[in-house]
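The structure appears right after this line, and notes come after that.
These figures come from a predicted structure and were not determined experimentally. Reminder, nothing fancy here: chain letters follow the sequence lines and each chain counts from 1.
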There are 2 protein chains.
Amino acid sequence: MNDSTAHVHRHRTMSKFLKLAHKFNSFYLNGLQKKECRAFIVDGIQVGLVQATVTIELSRYPNVFIVNPNSVTLNPAFRDYDERSANIESVLKEMKEKKLFVTLKGWRDECYEVRTMFADQPLLKMDRSATCLFGICNYGVDINGYVNHPQKGLCIWLQQRSLTKQTWPGKWDNMVAGGLSVGNSVIHTAHKEGEEEASLTADLMKNLQSAGTVSFFYESERGLFPDTEFVFDLELPPDFVPRNQDNEVEKFELVTATETVNRILSPDFKTTSCPVIIDFLIRHGIINPENEPRFPELVELLHVPLQSLYKKCDNLLTENGLSKAE
Amino acid sequence: MNDSTAHVHRHRTMSKFLKLAHKFNSFYLNGLQKKECRAFIVDGIQVGLVQATVTIELSRYPNVFIVNPNSVTLNPAFRDYDERSANIESVLKEMKEKKLFVTLKGWRDECYEVRTMFADQPLLKMDRSATCLFGICNYGVDINGYVNHPQKGLCIWLQQRSLTKQTWPGKWDNMVAGGLSVGNSVIHTAHKEGEEEASLTADLMKNLQSAGTVSFFYESERGLFPDTEFVFDLELPPDFVPRNQDNEVEKFELVTATETVNRILSPDFKTTSCPVIIDFLIRHGIINPENEPRFPELVELLHVPLQSLYKKCDNLLTENGLSKAE
């Protein structure tokens with residue numbers, strides 16, 4: 001690298017938002033390149049990624065998982081959705097009993113569908129606490145509850161998560177957020193979570209507006225989190241106060257847009273909820289090309305190509321001459 | 001591929017919007033993988049891609065371009081922005097005279113900056129008609145002019161491009177759109193184009209709201225078009241009618257959201273303006289997870305990772321043991 005190249009790179013200073021986008025994309029931007037994970041293959045197609053520490057444990061179940069240098073394949077003898085789901089569940093429950101992985105302490109008895117792309121037919125279901133062990137893409141729904149306040153301008157309702165929650169206890173979070181579990185549509189999940197988490201009535205929910213998705217790929221000590229959130233905006237009257245019904249919320253607070261920025265930049269905010277808030281602040285003009293020099297990059301890091309990620313890896317496996325189903 | 005895999009893939013039917021997203025991402029989804037282009041390298045870093053047909057012509061100027069099996073490098077002897085710009089311009093003007101490339105017929109005497117990422121220091125400037133020969137990322141500004149009509153609901157102003165325009169003559173387009181040329185900021189370009197194209201007064205422009213970016217990578221017979229558009233929404237009063245001042249517009253029309261969908265799906269719409277409209281329809285809830293089964297994929301294809309595309313190729317060159325500056 002010569003002097004002038006160094007000069008160019010010096011201009012790539014990261015803003016606070018970009019640093020945050022790198023944090024919630026830790027696996028997309030760093031882990032993925034290292035190629036230390038094995039493709040998780042079900043019915044001949046890749047649906048996830050498995051870390052070395054997880055592979056070691058899965059290899060103790062050769063009747064369920066076939067471990068190869070580049071892949072972990074679910075036994076193709078399991079013929080259908082139910083058989084695959086049951087076999088994986090029994091392994092996971094044994095691992096949970098053995099306390100092998102911290103994430104399984106949060107076993108929920110609530111399952112996520114497993115597939116490569118969102119519109120694909122699901123191949124099996126898996127407890128939501130276990131999907132991060134297999135790098136399965138999670139889907140969730142978020143509602144940005146906001147108020148156009150006569151004095152304070154744009155304000156956003158945030159929730160503090162219950163101190164007893166298994167994941168991110170006591171952290172600040174979006175007003176309403178919930179995972180898309182088996183059998184629930186996106187819109188049904190929005191209504192269900194809106195009622196349970198914040199007592200949003202059918203009347204208030206008439207203003208609910210679909211506004212897109214955010215996609216990112218986070219890695220923590222628990223595992224791998226490729227995540228797509230379906231985003232909704234909901235304008236609320238200034239006198240509305242959310243009230244929690246499911247004991248998963250410590251408290252709610254209505255904060256100004258400026259204060260929202262401070263909150264997401266603080267370590268007290270749930271890292272994986274920041275993309276939804278940043279997307280909201282961008283769509284509402286608070287973060288914009290005038291105050292964020294690397295605006296296009298920030299927007300791209302809110303929409304990383306998860307839907308084509310495993311499809312592409314799929315192709316790589318084929319290119320390398322490996323049989324997909326092995 | 002076994003029977004059940006075929007079964008899974010059968011569910012990947014494309015909607016009309018997804019087909020359109022594949023069309024305006026023709027190079028991102030197809031061309032890029034073929035690896036038929038050479039990296040265009042300036043000052044040791046990749047800033048573009050050059051097709052074989054263009055490389056042949058550039059190789060006739062060995063004092064300006066150094067052609068290697070994987071790259072076309074601008075002569076590193078050119079020391080600065082001005083020297084690089086002048087040397088490329090003289091080659092391009094000669095090619096224009098020789099009528100070698102159809103795109104150069106549209107020479108504009110209006111330049112775009114050349115750099116890898118938006119926030120980087122520009123390395124040179126190039127006439128906007130020529131950037132597609134080098135796969136240089138273009139940046140533009142779009143204003144979605146919309147009306148919350150008391151009877152018709154959400155309506156959008158569209159323009160028909162002038163029949164005498166060099167590119168996409170007579171096609172339907174977004175209300176206001178313009179390229180980010182040398183010396184103009186995003187917000188300045190929005191105001192300038194708003195005034196010239198649609199007579200948007202300072203008073204109307206007070207409602208202008210930054211709403212994000214779209215990124216896509218299109219290929220046509222003219223060349224390669226990696227493109228990022230800075231998107232603005234502008235709510236307009238029901239009685240406002242845009243009036244063109246620069247003779248680049250045939251006419252304007254206010255159409256309902258439903259009719260907007262018909263327009264972008266028709267061949268009479270400028271392909272590379274569809275991403276901005278689809279993004280608008282998504283942010284305003286018209287296209288949503290209930291009517292678009294492959295919603296996450298559609299959103300991701302409106303934000304393909306252009307800002308990291310050449311950086312990644314950069315790494316590949318290094319990995320392959322090729323010196324970056326050669």
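- Of all heavy-atom pairs spanning A:Pro289 and B:Val186, the tightest one is CG-CG1, 3.9 Å.
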### Task
Quick one: do B:His303 and A:Val299 satisfy side-chain contact (heavy atoms from CB on, under 4.5 Å)? Show the steps, please.
CA-CA 7 Å; B:His303 304 94; A:Val299 177; 3.5 Å; yes
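- Both the backbone and the side chain of A:Leu306 come within contact range of chain B, with heavy atoms under 4.5 Å apart.
- Counting only residues at least two apart or in different chains, salt bridge (Lys or Arg N to Asp or Glu O under 4.0 Å) contacts with residues 297-310 of chain A comprise A:Arg294-A:Glu297.
- Neither the backbone nor the side chain of B:Val214 comes within contact range of chain A; no heavy atoms are under 4.5 Å apart.
- When all heavy atoms of B:Thr228 and A:Pro296 are compared, the closest pair comes out as CG2-CB, 4.0 Å.
- Scanning residues 18-26 of chain B against chain A with a 4.5 Å heavy-atom cutoff picks out nothing at all.
- Of all non-hydrogen atoms in A:Gly212 and B:Ile282, the two that sit nearest each other are CA-CG2, 3.6 Å.
- Considering CZ of B:Phe232 and CG of A:Asn288, their distance stands at 7.5 Å, rounded to 0.5 Å.
- Interatomic distance, B:His284 NE2 to A:Arg283 CZ, rounded to the nearest 0.5 Å: 9.5 Å.
- Heavy-atom minimum distance, A:Ala119 versus B:Pro293: CB-O, 3.8 Å.
- The distance from atom CD of A:Glu292 to atom CZ of B:Phe118, rounded to the nearest 0.5 Å, is 10.5 Å.
- Within the 4.5 angstrom heavy-atom criterion, no atom of A:Val231 approaches chain B.
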